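None of these values were measured; they are calculated from a predicted model. Letters A, B, ... mirror the listed sequences (proteins, then strands); counts begin at 1.
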Amino acid sequence: MGRFVIGSAWPYVQTVPHLGNLIGSVLSADVYARYLRLRGHKVVFVSGSDMHGTPIEVEAIQLGVDPAEYASKMHQMVAELFRRWNISFDLYTHTHSETHIKFAQDFFLKIYENGYIFTKEEEVPYCPRDKIYLPDRFIIGKCPYCGYERARGDQCENCGRLLDPKQLVEPRCAICGSKPEWRTTRHWYLDLRKLEDRIRRYVEENPHLPQNAKEMSLGMLKEGLRPRAITRDNRWGIPAPFPGAEGKTIYVWFEAVLGYISAVIEHFRRLGREEEWAQFWKNPEARVVFFVGKDNIPFHVIILPALLLANGGSYTMPTTTASTEYLLYEGDKFSKSRRWGIWIDEALQLLPPDYWRFVLVYIRPENRDTNFTWSVALEIINKVMNDDVGNYVNRVLSFIKSRMGGVVPPPGRPAPEDENFIARVTELFKKAERHYDAIELKDALHALVEMAREGNRYLNTRAPWDLVKTDVEAAQAVLHRAYWSLKMLAVGLAPVAPDGAYQLWRMMGESAELRWDEAYKPPKPGAALGEVRPLFRKITEAEVKTLLQKLEELRSQKAARKFPWEQVIL
RNA sequence: AGCGGGGUAGGCCAGCCUGGUAGGCCGCGGGGCUCAUAACCCCGAGGUCCCCGGUUCAAAUCCGGGCCCCGCUACCA
């Protein structure tokens, strides 16, 4: 039995996450966490809302509310949505919690004392009207290369060139449009150069990192790590604890990643066993696994390990960061401004969570960007989840109901084909297990689907509906083994589609707790089945059309509401 | 521009690391079965494995060059 910290990237709660955010971080982490628990490991699965930073501060100001109020209302919405998605967090907290703020401040002070921080003065743009220092993206102006009027301070969206905000012709504040001035300010930097060798070793010697995380990180290391500013001149954030840094905050990225530790502390504190957090975060035997989209790789593979080392290296070094590529929606990137995509509140208005979870894991972007399209989604729901899996379950159970007295049949008198079937299906189950272990969730699910296909072939070949007329014991042998395959299916699917899997477990009349090991145990003859009904159903194209219309209506209602948290559909 | 990923049948994707008759699913054509949610099973048609060159007895797979697509580039998070 092992100890695992599972962390999923902390959603920035300026908006509700979309399906792409979900499969990259929270949903993948949930599937893995559920798998580990089924295996009997001790798991603490944490995440939380990332609340601080300029975008939320600015939007709150524009709406005339306190950033704290804005963030906390959004946090509550997002937390509720994750609950409805059956995300099995042990704790979903946020970065404005007392525990986190205190922890982050102490942590950075220690790094400061250890000599990994230096200060530097620089000139940054400041909007005198909004009284705010402007991050590069909050300055717009004319692109010096192509003349595009609305180029941002970091990059021109028209010609794609990288820019420095000082290059912009006629720069203006993206919020109010007034002319920014340049102010000199002092910032506190993390000296990554001092940590570079150790980080390189950490990345190179890590056998678990996915290829994209490893390549990307090594690429950055090859160029050389540059010091990064930890502090910011905004108000909405955690006050920087460094001497002389009064009035400054810690850049959100640097504190949010520490949430993986502070949330575990908070979790055990709530249980009244606070000291137990050290068994996870101060234990070289423990494993720490993060789930992030590819945009998040540097912060989890380089920055957080660097912080842990700079702090003194007494913390558990993260085992791996399971990073995904991107999910596209109908061929294009999800985009809030273009309203392109599906957001996780909307999704739940359209289909039950199991359906989404199954589809998203089935196409999880593990090797490359993958495209969510409604036609693919319908195919997976209707042909794979419903026909191959759901219908197989139904075939077996309703046959036992109608021809075998509704109780689990005895092993009977098996023919070689029956033993072969169990061997094949067990091999597939083990394959799924190996893939889960390697966090290849998509492959695990595909192996499980293959089990159902194997089962369908088996029934067609053995035709127990004929056997039952001439040789009851032979028919029992078949159904006994088909039933066994359902045990494996239920257990294997539980991480992906928990509602369906637990419903299946009840229909099967299983009294034991649903655990991974149960799959390897032969069925107990004589147990009575529960009520048998279809696990899943098909979604017609007409239904999807209706649903999408409904979605449009919901969106126009949302658009009419003033505050973002009022726009979330619950 | 630099870095990373990708280009395989009408669609989606596996195989590439560890060269050796090109695989899966959907769709399409034909057949079978009737336990099941008009589901399931079998057979078949369909491919210049982006292009050019090289290594090799043999290349989708290795090497070089080119074209195209996507992402990242660290002060949005």
Side-chain angles (χ1 to χ4, degrees), chain A residues 9-15 21 50 52-56 58 122 124-125 133-139 152-155 160-162 164-165 187 192 211-220 222-223 225-229 232-233 251-253 256 293-299 302-303 325-326 328 332-333 362-363 365 367-371 373 375-376 378-380 382-384 386-388 390-404 442-443 446 449-450 452-453 455-468 475 478-479 482 532-538:
Chain A
W10 290 47
Y12 195 65
V13 291
Q14 185 185 12
T15 56
N21 301 138
D50 186 357
H52 300 130
T54 306
I56 285 179
V58 167
E122 59 198 295
V124 293
Y133 286 88
L134 299 167
D136 290 354
R137 292 203 180 189
F138 280 81
I139 295 199
R152 293 180 322 204
D154 59 336
Q155 185 170 28
R161 259 183 251 251
L162 299 178
D164 187 278
H187 278 307
L192 283 165
Q211 202 191 327
N212 61 354
K214 197 157 200 161
E215 302 290 349
M216 210 179 277
S217 305
L218 287 175
M220 290 175 68
K222 216 164 82 188
E223 288 178 33
L225 298 183
R226 305 202 289 270
R228 292 188 64 155
R232 289 293 184 278
D233 283 308
Y251 176 39
V252 280
W253 261 118
K294 61 178 161 186
D295 51 334
N296 246 324
I297 288 170
F299 281 92
I302 291 180
I303 300 292
E325 298 289 310
Y326 280 150
L328 307 178
D332 262 314
K333 269 187 87 170
Y362 200 84
I363 61 173
N367 297 317
R368 62 177 79 170
D369 293 352
T370 61
N371 195 5
T373 66
S375 80
V376 167
L378 281 190
E379 179 185 319
I380 294 168
N382 292 338
K383 302 283 180 188
V384 180
N386 184 72
D387 291 349
D388 289 342
N391 185 52
Y392 173 58
V393 166
N394 199 237
R395 294 177 80 179
V396 175
L397 294 183
S398 48
F399 190 93
I400 294 176
K401 269 285 191 194
S402 63
R403 313 287 173 99
M404 316 220 90
K442 172 181 165 187
D443 293 333
H446 283 250
V449 167
E450 199 45 51
R453 292 191 173 130
N456 277 317
R457 269 193 291 277
Y458 175 60
L459 288 187
N460 281 39
T461 312
R462 295 291 283 143
W465 45 92
D466 288 336
L467 290 175
V468 80
V478 174
L479 268 300
V532 173
R533 54 201 160 83
L535 270 186
F536 309 114
R537 68 175 190 86
K538 293 199 195 221

(request) Output all residues satisfying ring pair (Phe, Tyr, Trp, His ring centres under 6.0 Å) with A/His446, sequence neighbours left out; order by chain, then residue number. (result)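 Only A/Tyr362 meet the ring pair (Phe, Tyr, Trp, His ring centres under 6.0 Å) criterion with A/His446.
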(message) List the residues meeting ring pair (Phe, Tyr, Trp, His ring centres under 6.0 Å) with A/Tyr326, not counting sequence neighbours, and say none if there are none.
(response)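 Applying ring pair (Phe, Tyr, Trp, His ring centres under 6.0 Å) to A/Tyr326 gives none.
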Any heavy-atom pair between the side chains of [Y] and [X] that's under 4.5 Å?
{"X": "A/Ile303", "Y": "A/Leu192", "result": "yes"}
{"X": "A/Leu134", "Y": "A/Val124", "result": "no"}
{"X": "A/Trp253", "Y": "A/Asn296", "result": "yes"}
{"X": "A/Asp50", "Y": "A/Val252", "result": "yes"}
{"X": "A/Leu535", "Y": "A/Asn394", "result": "no"}

(message) Should the side chain of A/Glu122 and the base of B/rC75 be counted as holding a donor-acceptor pair, with the cut-off at 3.5 Å?
(response) yes
[X] [atom1] to [N] [atom2]: how many Å, rounded?
{"X": "A/His446", "N": "B/rC25", "atom1": "NE2", "atom2": "P", "answer": "12 Å"}
{"X": "A/Trp253", "N": "B/rU73", "atom1": "CH2", "atom2": "P", "answer": "11 Å"}
{"X": "A/Leu328", "N": "B/rC70", "atom1": "CG", "atom2": "C1'", "answer": "8 Å"}
{"X": "A/Leu225", "N": "B/rC3", "atom1": "CG", "atom2": "P", "answer": "17 Å"}
{"X": "A/Ile297", "N": "B/rC72", "atom1": "CD1", "atom2": "P", "answer": "11 Å"}
{"X": "A/Asn382", "N": "B/rA38", "atom1": "CG", "atom2": "C1'", "answer": "13 Å"}
{"X": "A/His52", "N": "B/rC76", "atom1": "NE2", "atom2": "C1'", "answer": "16 Å"}
{"X": "A/Arg152", "N": "B/rA77", "atom1": "CZ", "atom2": "P", "answer": "12 Å"}

Measuring only the [atom1] atom in each nucleotide, how far is [N] from [M]? A whole number of Å is fine.
{"N": "B/rC50", "M": "B/rG32", "atom1": "P", "answer": "40 Å"}
{"N": "B/rG29", "M": "B/rG46", "atom1": "C1'", "answer": "11 Å"}
{"N": "B/rC28", "M": "B/rC12", "atom1": "C1'", "answer": "16 Å"}
{"N": "B/rC40", "M": "B/rC70", "atom1": "C1'", "answer": "39 Å"}
{"N": "B/rA60", "M": "B/rC17", "atom1": "P", "answer": "12 Å"}
{"N": "B/rC13", "M": "B/rU8", "atom1": "P", "answer": "9 Å"}
{"N": "B/rG2", "M": "B/rG10", "atom1": "P", "answer": "34 Å"}
{"N": "B/rG15", "M": "B/rG47", "atom1": "C1'", "answer": "15 Å"}

(request) Determine, step by step, whether A/Ile139 and A/Arg152 satisfy the side chain to side chain contact (heavy atoms under 4.5 Å, CB included) criterion, reporting the C-alpha distance in whole Å, the side-chain angles of both residues, the deciding distance to 0.1 Å, and the verdict. (result) CA-CA 6 Å; A/Ile139 295 199; A/Arg152 293 180 322 204; over 6 Å; no
(request) Could you tell me whether A/Val376 contacts a base, only the sugar-phosphate backbone, or nothing, with contacts defined as non-hydrogen atoms closer than 4.0 Å? (result) nothing
(request) Look at all strands and tell whether A/Asp388 reaches a base, only sugar-phosphate, or nothing, counting heavy atoms closer than 4.0 Å. (result)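 It contacts sugar-phosphate atoms only.
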(message) Go nucleotide by nucleotide along RNA chain B from the 5' end; which of A/Lys383 and A/Asn296 gets its closest nucleotide reached first?
(response) A/Lys383
(request) Find which nucleotide of RNA chain B each of A/Glu325 and A/Arg457 is nearest to by heavy atoms, and output the residue with the more 5' nucleotide. (result)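 First, find each residue's nearest nucleotide; the 5'-ward one identifies A/Glu325.
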Counting only Watson-Crick or G-U wobble pairs whose two distances fall under 3.5 Å, which nucleotide matches [N]?
{"N": "B/rG27", "result": "none"}
{"N": "B/rA9", "result": "none"}
{"N": "B/rG19", "result": "none"}
{"N": "B/rC3", "result": "B/rG71"}

(message) Counting only side-chain heavy atoms from C-beta out, which of B/rC26, B/rC72, B/rC75 sits nearest to A/Arg232?
(response) B/rC75
(request) Please determine, for the side chain of A/Lys442, which listed nucleotide (B/rA77, B/rC75, B/rA14) has the closest atom? (result)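 Closest nucleotide to the A/Lys442 side chain: B/rA14.
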(request) Could you tell me which non-hydrogen atom of A/Val478 sits nearest to which non-hydrogen atom of A/Leu467, and how far apart they are? (result) CG2-CD1, 3.9 Å
(message) Output one letter per nucleotide in nucleotides 29-37 of chain B: B when a protein non-hydrogen atom lies under 4.0 Å from the base, S when only the sugar-phosphate is that close, - when neither is.
(response) ---BSSBBB
(message) Any side-chain N or O of A/Tyr458 below 4.0 angstrom from OP1/OP2 of B/rC41?
(response)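 It does not, given that no N or O in the side chain of A/Tyr458 lies less than 4.0 Å from OP1 or OP2 of B/rC41.
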